[in-house]
Amino acid sequence: MNNFTFQVGTDIRFGKDRLEELAPVLTEFGKTVLLVYGGGSIKKNGLYDRVLKELRDFTIIELAGVEPNPRIETVAKGAKLCAENEVDVILAVGGGSTIDCAKAVAAVYGSPDLEPWAVIEKRSYDGPALPIVTILTLAATGSEMNRGAVITNWQTNQKLGMGGKNLLPKVSFLDPQNTFSVSKYQTAAGSADIMSHLFENYFNNTPATDVQDGISEGLMRTVTKNCPIALETPDDYDARANLMWASTLALNGLTGSGKGGTWSCHAMEHELSAFYDITHGIGLAILTPRWMHHVLNEENAPQFAQYGRNVWGITETVPMMAARMAIQKTYDYFKDCQIPMTLPEVGIKDESKFEEMAQQAVAYSKIATDAFVPLQVEDVVKIYQASMTEQNYL
């Protein structure tokens with residue numbers, strides 16, 4: 001296990017009906033609030049009105065319409081609103097995209113001498129930032145308790161991750177009831193995103209990380225148990241609560257601290273959604289079993305077998321066969337959650353951009369040198385190609 005520092009200072013307010021605590025929280029930072037939200041679902045389910053009622057004594061500036069893959073133009077608009085209105089605090093109400101947008105707004109606002117995209121391209125932000133408070137409405141990204149954000153530049157087909165210590169939300173409200181109205185499609189996509197965060201940290205070459213791996217396995221079992229329940233019964237509080245907390249813990253540093261390496265599937269999926277604007281979690285679900293199969297070898301088969309044994313209950317003793325069974329279980333689970341499992345099903349019907357996407361996936365990450373199994377451009381192309389058709393791994 002590597003040396004690490006683990007300090008995550010987000011104040012989590014988890015559970016039912018905590019919004020009466022919102023005004024006192026925001027008052028600590030000021031009275032002028034940038035309210036950031038997405039396409040209007042919070043208006044349909046009544047959350048928007050409840051938030052405004054709690055903030056009736058505040059000055060509210062709205063940044064609405066944040067995209068599922070938040071775009072730099074929206075970030076720039078938000079930073080401009082903050083400057084024009086002397087905003088004290090940003091309140092992000094939504095899922096990971098909304099929270100990511102809020103983080104980028106805070107960073108761009110804190111960098112008045114740089115063009116907005118230049119702030120994102122730096123990837124690491126260490127400047128001042130407006131405080132961020134979040135109200136989570138989708139269990140997926142863990143952005144409510146981490147320092148990272150992912151922003152898209154549609155003009156250049158770039159989707160880049162960035163982050164910084166001052167972008168960590170100060171307070172996050174996690175009420176599972178706010179996820180009752182999430183569609184089956186987005187529930188499944190969010191759960192795939194959670195699983196991918198766990199996979200990316202779990203399949204790693206750092207030795208002797210039993211604590212992190214055991215936590216990851218437990219969170220994986222939690223997701224695979226509770227996602228089908230939430231799909232069948234959307235207002236099952238316990239299922240939604242477990243998914244929400246699993247989402248937060250999967251990417252707050254708990255499962256990745258003490259480990260090295262870089263993530264593979266996220267690097268590849270960022271190109272899919274940068275070029276085709278698909279749902280992030282769906283892209284990850286499609287790519288992950290193909291990646292697992294592509295990198296599987298005699299050396300790492302025992303690690304895949306351990307995953308199969310501890311998450312799926314596989315009893316096969318031959319490591320390579322157990323590994324293949326675990327990959328098939330992963331594929332079948334995503335499919336059973338009604339996730340489209342080929343690229344043509346999400347509108348990617350030809351391979352014309354695969355080479356360019358693969359080149360960017362390698363260029364914008366360290367997957368060629370520092371991944372669980374290093375991936376070159378040709379490897380990424382093969383994984384994209386395998387994602388065009390149904391697969392069987394047994």
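Because the structure is predicted, anything quoted here is derived from the model rather than measured.
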Got a donor-acceptor contact below 3.5 angstrom from the [X] side chain to the [Y] backbone?
| X | Y | answer |
| --- | --- | --- |
| Arg56 | Leu52 | no |
| Thr233 | Ala230 | no |
| Asn300 | Asn297 | yes |
| Arg123 | Leu160 | no |
| Ser183 | Gln186 | yes |
| Ser196 | Ala192 | no |

(message) Any salt bridge linking Lys259 with Asp213? Criterion: basic side-chain nitrogen under 4.0 Å from a carboxylate oxygen.
(response)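 So Lys259 pairs with Asp213 through a salt bridge.
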(message) Less than 4.0 angstrom from a charged side-chain N to a carboxylate O is my criterion; do Lys335 and Glu390 meet it?
(response)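 Result for this pair is yes, salt bridge flagged.
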(request) With Asn69 as reference, evaluate Asp277, Asp100, Thr152 under the side-chain hydrogen bond (donor to acceptor under 3.5 Å, both in side chains) test and give the passing residue. (result)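 Result for side-chain hydrogen bond (donor to acceptor under 3.5 Å, both in side chains) with Asn69: Asp277.
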(request) Taking the six-membered ring for Trp and the full ring for Phe, Tyr or His, determine whether the centres of Phe372 and Trp263 are under 6.0 Å apart. (result)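 Ring-ring flag for Phe372/Trp263: false, centres at least 6.0 Å apart.
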(message) Taking the six-membered ring for Trp, are Phe173 and Phe14 closer than 6.0 Å centroid to centroid?
(response)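 Centroid separation for Phe173 and Phe14: 6.0 Å or greater.
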Cation over ring face, [X] and [Y], 6.0 Å, 45°:
| X | Y | value |
| --- | --- | --- |
| Lys16 | Tyr237 | yes |
| Lys159 | Tyr364 | no |
| Lys31 | Phe58 | yes |

(request) Can you label the angle between the His293 ring and the Tyr393 ring as parallel, tilted or perpendicular, going by 30° and 60°? (result)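 Correct class here is tilted.
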(request) Consider only side-chain N and O atoms of Glu351 and Gln385, and report whether a donor and an acceptor are under 3.5 Å apart. (result)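 Checked: Glu351/Gln385 side chains pair up, N/O donor to acceptor below 3.5 Å.
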